[in-house]
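Each remark here refers to the structure printed beneath this line.
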Number of protein chains: 2
Amino acid sequence: MDRLSKIGEGRSVRPQTAADGVTAILREAIATGTLAPGAALRQDELAKEFGVSRMPVRDALRYLEAEGLVAIHPTRGAVVAAMNATDISELYALRELLEVEALRLSMQKQNPDSLRHAASVLEQLDRETDVGRWGQLNREFHVALYRDCGNRRLLDLIEAQHAASDRYVRIVLSNLDYRERSQDEHRAMLFSCMQGDEKAAVGHLTRHFRDACAALLDYMTSRAR
Amino acid sequence: MDRLSKIGEGRSVRPQTAADGVTAILREAIATGTLAPGAALRQDELAKEFGVSRMPVRDALRYLEAEGLVAIHPTRGAVVAAMNATDISELYALRELLEVEALRLSMQKQNPDSLRHAASVLEQLDRETDVGRWGQLNREFHVALYRDCGNRRLLDLIEAQHAASDRYVRIVLSNLDYRERSQDEHRAMLFSCMQGDEKAAVGHLTRHFRDACAALLDYMTSRAR
DNA sequence: ATCTGTATACTCGTATACAAGAATACGAAT
DNA sequence: ATTCGTATTCTTGTATACGAGTATACAGAT
């Protein structure tokens, strides 16, 4: 048997390659805004900065392009993807569509483990003070509610959209008022899920997205001049 | 002004790079089944075959990985993504979710140009005899119905899922019976769209997906032994 | 005979080097 | 002064070279 026929097996335990490291650092830098939207990403420059050659940097840029965080223009270079009102509306409309469906499917499975985990993440979110962790925990909470939906492809897509909206999420979450409201909505969602009240849960989730989207659009227009 | 601040402008007119060419050839080979699911994709081998170095091949593999057509395992190589019943179910459930939403949104815009284009593609499909073009025209018809949905991100996602299901679509479309049924459903969809009957259009589209999915699952189980 | 350990071969990841294309800057002509 | 053309510089795309990790094969031990 050919040695390569086994490649597809096993979990995707990515050995930590240089490109992965660069990807992670760049992703974080983009999420935090250290690399602002529109900023040019020169291969040479980044390579020197990270102490690697341009090859891993190229790979990293391709990964981030797939995630929608950077835009690559062949022979011209890469830039951090733009942030604008249109993108926000589209992104949140899409997330609502995907996540409402995933929530519905998951609730039919009734897995208490997932809800327990969601509850634990929710508490961590209350205690967490580090801005950087909020986005991550927020994602973890949402995914915990969906993970029993039984559609891996759907879950992957949801995670991808989360990565794309991470930049936005951090903005709204740095607002204390919004943070409290968000947590209220999270608690309401979790409660409805535990009760098995699908309609209520979906309602809370929908409102959650609409709220976040509205807060972001407000923020964008307010500082757009 | 820095020269790079202009990178993001203009349409994404990708200059035909070697990597793009390799990507296109590989994508087609995977779609037609020339490269069967599970087949190993050696960088050296492909590079020699296409008369380029391994670098463009690497890039191509990354693109195809993002499209879900190949699975890359670092330090172990890449293989053509597997085709199985689970994947089919997930993929079609996802497409149904995305495309029904896009259709709904598009129909609210009422753009007769799109429908005219869809009708023209439909006629081409009737006349087309080349198997390779069916998948492409099929995609064009569907996208024509959705393109006014006003959410670019949603459209991109739909196109991505189409690319992933191209392999499957070609299988069901090579069955004459199914082809006729599919065209009937297409015509029914278009008719409902022209009438502005959203409920009926969505019904036809949903049935279209369920039919295709069922036909595929039948096919898979029948020849899986 | 099966299993384990070591050696070998193969493939990928990364680095360096070269070539080609794009944008800017400069100069000449109108 | 403005506009067009050319040259230079910068950046990316591609090729080649090297190093590291993984899997297979073979040999020895249990």
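First the proteins, then the strands, lettered A, B, ... as listed; each starts at 1. Computed from a predicted structure; not experimentally measured.
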What pairs of nitrogen or oxygen atoms, one from the protein and one from nucleotides 15-18 of chain D, lie under 3.5 Å apart?
| unit_1 | atom_1 | unit_2 | atom_2 | d |
| --- | --- | --- | --- | --- |
| D/dA15 | OP2 | B/Ser53 | N | 2.5 |
| D/dA15 | OP2 | B/Ser53 | OG | 2.7 |

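Taking atom CG of A/Asp20 as the reference point, atom P of C/dC12 lies 16 Å away to the nearest angstrom. A/Phe50 has its CZ atom 16 Å from the C1' atom of C/dT14, to the nearest Å. B/Leu46 places its CG atom 13 Å from the C1' atom of C/dC12, with the value rounded to the nearest Å. Atoms CG (A/Asp59) and P (C/dA15) sit 11 Å apart, rounded to a whole Å. The separation between A/Ile72 atom CD1 and D/dT11 atom P is 17 Å, rounded to whole Å. Going from atom CG of B/Leu41 over to atom P of C/dT11 covers 13 Å, rounded to whole Å. Rounded to whole angstrom, the span from the NE2 atom of B/His73 across to the C1' atom of C/dG13 amounts to 16 Å. We find that CZ of A/Arg58 is positioned 14 Å from C1' of C/dG13, with the value rounded to whole Å.
The side chain of B/Arg76 places no N or O atom within less than 4.0 Å of a non-bridging phosphate oxygen (OP1 or OP2) of C/dC12. A close approach under 4.0 Å does not occur between any side-chain nitrogen or oxygen of A/Gln43 and OP1 or OP2 of D/dC10. Phosphate proximity of D/dT14 to B/Thr17: present, with a side-chain N or O under 4.0 Å from OP1 or OP2.
Applying the salt bridge (Lys or Arg N to Asp or Glu O under 4.0 Å) criterion to B/Arg116, with sequence neighbours excluded, gives B/Asp113. Not counting sequence neighbours, B/Glu101 has no partner by the salt bridge (Lys or Arg N to Asp or Glu O under 4.0 Å) test. B/Asp218 is linked by a side chain to side chain contact (heavy atoms under 4.5 Å, CB included) to nothing, counting only residues two or more places apart in sequence or in another chain. Qualifying side chain to side chain contact (heavy atoms under 4.5 Å, CB included) partners for B/Val80, counting only residues two or more places apart in sequence or in other chains: B/Ile30, B/Leu35, B/Ala39, B/Leu41, B/Arg167.
Here the side chain of A/Trp134 pairs no donor or acceptor atom with the backbone of A/Leu173 at under 3.5 angstrom.
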B/Glu99 vs B/His162, side chain to side chain donor-acceptor pair (under 3.5 Å): CA-CA, chis, key distance, verdict: CA-CA 10 Å; B/Glu99 300 189 27; B/His162 265 272; 3.2 Å; yes

Watson-Crick and G-U pairing of DNA chain D, under 3.5 Å, as dot-bracket with | and [ ]: ||||||||||||||||||||||||||||||

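Looking at A/Asn111 and A/Ser114, their side chains come closer than 4.5 Å, going by heavy atoms from C-beta outward. Taking the side chain as every heavy atom from C-beta outward, B/Leu94 and A/Leu98 approach each other to under 4.5 Å.
For the side chain to side chain donor-acceptor pair (under 3.5 Å) criterion with B/Ser165, the lone passing option out of B/Arg139, B/Arg170, B/Arg95 is B/Arg95.
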